[in-house]
Amino acid sequence: MKLDFRNERVLAVVAHPDDAELFCAGTLARAKRDGAGIGICVLCQGDKGQSSEPVKNLTVIRRKEMTASAELLGAELFPGGEPDGTLADTPTQRLKLLEIFRSFKPTSILAHSPEDYHPDHRAASRLAEAASWFCASRGRKTRSPALKSPPALWWMDTMNMHGFTPGFYVDVSGFVNVKTQMLACHQSQLRRGKDADFFPLAELMRVQFRARGLQAGVDAAEAFRMHLAFKRTRAW
Ligand SMILES: [Zn+2]
């Protein structure tokens, strides 16, 4: 089976400014190559990701880094602006994400796995799941009209592949350069690789796309699982 993103609109919903790079940038790049509209919604500011040498104006710097990365990919960027560590599945956050869904009109959502390691990732996961349903509910009013139908929802791989059983793999062998260049935009985070309590992000990303690639018989892959819920699944 050949996956074809033509006529699709793919929106990644992530917690932090460098999460899309780690888990789905290759897939977004492949969708873009096929002619899909692509977007990245980053719900948190990334303001708490300080290294041992604290950076002033980190919120501003991380906004610049994620903007540069999205531009490299040619993706529309939707910054949520929530401080790190405070993201929760609340009625206010749901409405905010609903409006983003209705303005971008995704056919597919890529979201953090419900079992990922970080509380912000898990909150983003719950929010994306709720919005993927309510965006098509006419009774939920936001500025833009309700979508005709809910988008499909794919759960993304977890950080370092912990506890995630892939449902399928996307071959991103031709897109590791853009994935790597996008991650390189996040210098404020890559610098943290020297800290004993952090980890070298570029190495972690490379190990993960290689490991998933080896599992799938290609050079590099990203792993996903379909959200098997009413109207959030799709046939190809
Ligand atoms: Zn994150």
Side-chain angles (χ1 to χ4, degrees), residues 10-28 39-52 54-55 58-70 72-73 75 77-90 93 96-97 100 109-131 153-164 179-195 197-209 211-212 222-225:
V10 185
L11 178 66
V13 179
V14 297
H16 305 120
D18 51 358
D19 287 331
E21 285 74 355
L22 294 169
F23 304 122
C24 67
T27 301
L28 290 174
I40 303 173
C41 172
V42 180
L43 291 167
C44 297
Q45 297 172 345
D47 57 303
K48 307 289 193 302
Q50 286 284 8
S51 70
S52 54
V55 179
L58 186 59
T59 302
V60 176
I61 287 167
R62 298 211 70 187
R63 174 69 74 96
K64 280 186 187 156
E65 290 171 346
M66 69 170 118
T67 303
S69 175
L72 264 182
L73 187 61
L77 180 67
F78 298 92
E82 191 68 15
D84 287 4
T86 63
L87 192 67
D89 180 8
T90 63
Q93 289 292 346
K96 202 155 110 183
L97 195 55
I100 290 170
I109 299 292
L110 313 180
H112 288 297
S113 166
E115 65 260 32
D116 206 354
Y117 82 112
H118 196 294
D120 287 339
H121 289 207
R122 295 195 293 275
S125 176
R126 285 192 293 276
L127 281 163
E129 203 280 334
L153 175 54
W154 295 359
W155 300 127
M156 302 186 297
D157 207 351
T158 53
M159 182 66 103
N160 206 27
M161 304 172 279
H162 278 293
F164 187 84
K179 197 170 153 77
T180 306
Q181 285 163 11
M182 285 172 67
L183 188 68
C185 293
H186 297 273
Q187 283 302 317
S188 70
Q189 295 307 290
L190 294 173
R191 272 197 295 273
R192 296 176 72 194
K194 291 181 292 193
D195 294 351
D197 62 343
F198 203 62
F199 34 83
L201 272 180
E203 172 70 359
L204 190 140
M205 185 178 86
R206 194 187 63 76
V207 165
Q208 189 151 343
F209 70 61
R212 293 310 193 191
E222 288 170 344
F224 299 91
R225 223 172 41 226

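Start at 1 and go down the list; that is how both ligands and their atoms are numbered.
- For residues 39-50, the set of pairs meeting the side chain to side chain donor-acceptor pair (under 3.5 Å) definition, not counting sequence neighbours, is empty.
- Around CZ of Arg122, the count of heavy atoms belonging to other residues, nucleotides or ligands within 6.0 Å exceeds 12.
- For the pair Phe224/Met156, a side-chain contact is recorded, criterion being any heavy-atom separation below 4.5 Å from C-beta on.
- Between His121 and His16, the ring-plane angle classifies as tilted under the 30° and 60° cut-offs.
- Asp19 is linked by a salt bridge (Lys or Arg N to Asp or Glu O under 4.0 Å) to nothing, counting only residues two or more places apart in sequence or in another chain.
- Residues passing the side-chain contact (heavy atoms from CB on, under 4.5 Å) test with Ala131 are Leu97, Leu98, Phe101, sequence neighbours excluded.
- Around the Zn ion (ligand 1), protein N, O or S atoms at less than 2.8 Å comprise His16 ND1, Asp19 OD1, Asp19 OD2, His121 NE2.
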